[in-house]
Colleague: 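So that we are looking at the same thing, I have put the structure below in structure tokens.
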Amino acid sequence: ARDLGATTVFTATQVGELQTEFAKLGFSEKQILAATEATLSLAAATGSDLGEAAAITGATLGGFGLKADQTQRVVDVMAKSFSTSALDIEKFKESMKTAAPAASAVGINVEKTTALLGTLANAGISGSMAGNALSKSFIELNKKGLTLEQGLEKVANSENKLGAAVDLVGVNAAKSFLVLAKGTDSIKELEIGLNNAGGAAEKMAKEQLDTLEGSLTILNSAWEGFVLGLLSGDSAFSSISKSIVESTTSLLGFLTASEDATEASFETAL
């Protein structure tokens, strides 16, 4: 936490709080260490609260049955989707709550699911509405023994597209399924980008911090890291610094006592 606090926009204290949030989610120490740095990049890139970033990342990993060592992959997909579609962190969170478990159950990965949600978001369908529609579509297609691609093709090739969508996925999910059937090219384009999203979160975070304000924030984090290093270190430099602080404290105490004595003498003379 101290090392990351000294080299990122977040302080060591904030990093520690993030790691505590992961612990609350049931992550082991090893898993926490694997997930921390990637989640910091996500939070810096999106300007989100660290606790929220941890919760969303943890929920997405859990929804797709992924291990903590896949955290970097997940946050890169998220960051990339936020810069290439109408998705943002809030829409992603609400959509994935219901979409991720159903997608994982039928063998659709996080990249493809995010591309589907991005296409829906671009058409104005997002949040829980998109997640519920996508989940319902996966479930109904699975009941009929169809893959997502087969279902989309059936609707796209039908003369009565709305009727075909309703027959396949039901009334509530039909509108979203129509959007996906018409947007297969958009889905493919987004998915290709998300499959090559490596480093997207870190890049986005650096762009967000490439300002004077960002530099000052990093400086503040580095300063806290420096102070914590002095407080916990046993190096010669730490010992010297401790001696300086103690000497300065003694000097200030002496000066304060002398000033009080002088004032007392002055008042007695009066």
Side-chain angles (χ1 to χ4, degrees), residues 52 55-66 70 73-197 200:
E52 181 183 29
I56 295 170
T57 303
T60 304
L61 288 168
F64 284 96
L66 298 174
Q70 294 296 300
R73 169 190 170 193
V74 169
V75 300
D76 282 335
V77 166
M78 291 170 67
K80 183 77 172 183
S81 70
F82 300 159
S83 62
T84 56
S85 75
L87 282 174
D88 57 32
I89 194 164
E90 186 63 28
K91 293 174 183 176
F92 182 92
K93 177 182 75 173
E94 292 302 318
S95 297
M96 279 298 184
K97 281 181 181 178
T98 49
S104 178
V106 296
I108 296 179
N109 63 22
V110 64
E111 289 84 1
K112 180 62 171 281
T113 305
T114 305
L116 294 168
L117 292 174
T119 300
L120 290 175
N122 289 343
I125 303 172
S126 61
S128 59
M129 181 183 295
N132 289 333
L134 204 55
S135 177
K136 177 72 172 177
S137 297
F138 291 146
I139 292 170
E140 292 301 319
L141 289 172
N142 188 60
K143 285 181 181 178
K144 296 175 175 62
L146 297 173
T147 65
L148 174 67
E149 287 71 20
Q150 290 171 334
L152 294 175
E153 186 177 356
K154 277 182 173 290
V155 172
N157 294 333
S158 174
E159 292 185 3
N160 180 6
K161 292 179 171 53
L162 178 58
V166 171
D167 290 340
L168 284 176
V169 300
V171 175
N172 293 333
K175 178 183 175 182
S176 296
F177 205 73
L178 278 173
V179 171
L180 296 177
K182 293 177 182 178
T184 52
D185 290 340
S186 173
I187 296 169
K188 289 178 182 177
E189 184 179 349
L190 283 173
E191 187 178 3
I192 290 171
L194 296 176
N195 282 328
N196 296 283

Colleague: Which residue pairs satisfy the salt bridge (charged side-chain N to carboxylate O under 4.0 Å, His left out) criterion with at least one member in residues 153-182, sequence neighbours excluded?
Modeller: none

Colleague: Does CG in Asn172 sit with more than 12 non-hydrogen atoms of other residues, nucleotides or ligands closer than 6.0 Å?
Modeller: no

Colleague: Out of the candidates Ile192, Val74, Asp76, Val77, only one should pair with Glu111 under the side-chain contact (heavy atoms from CB on, under 4.5 Å) rule; please name it.
Modeller: Val77

Colleague: Are the side chains of Leu190 and Ser85 in contact, using a 4.5 Å heavy-atom criterion?
Modeller: yes

Colleague: Tell me whether Glu189 at atom CD has more than 12 heavy atoms from other residues, nucleotides or ligands lying less than 6.0 Å away.
Modeller: no

Colleague: So does Gly127 get a backbone contact from the side chain of Ser95, meaning a donor-acceptor N/O pair under 3.5 Å?
Modeller: yes

Colleague: Would you say Phe177 and Leu120 make side-chain contact, with heavy atoms under 4.5 Å?
Modeller: no

Colleague: What residue pairs, at least two apart or across chains, pass salt bridge (charged side-chain N to carboxylate O under 4.0 Å, His left out) with a residue in residues 132-150?
Modeller: Lys112-Glu149, Lys136-Glu140, Glu140-Lys143, Glu140-Lys144

Colleague: Which residues pass the side chain to side chain contact (heavy atoms under 4.5 Å, CB included) test with Ser104, sequence neighbours left out?
Modeller: Phe64

Colleague: For Ser83 and Lys80, indicate whether the former's side chain and the latter's backbone hold a donor-acceptor pair under 3.5 Å.
Modeller: yes

Colleague: I'd like to check Leu66 versus Arg73 (side-chain heavy atoms, cut-off strictly below 4.5 Å). Are they in contact?
Modeller: yes

Colleague: Using 0.5 Å steps for rounding, measure from the OG1 atom of Thr113 to the CZ atom of Phe138.
Modeller: 5.0 Å

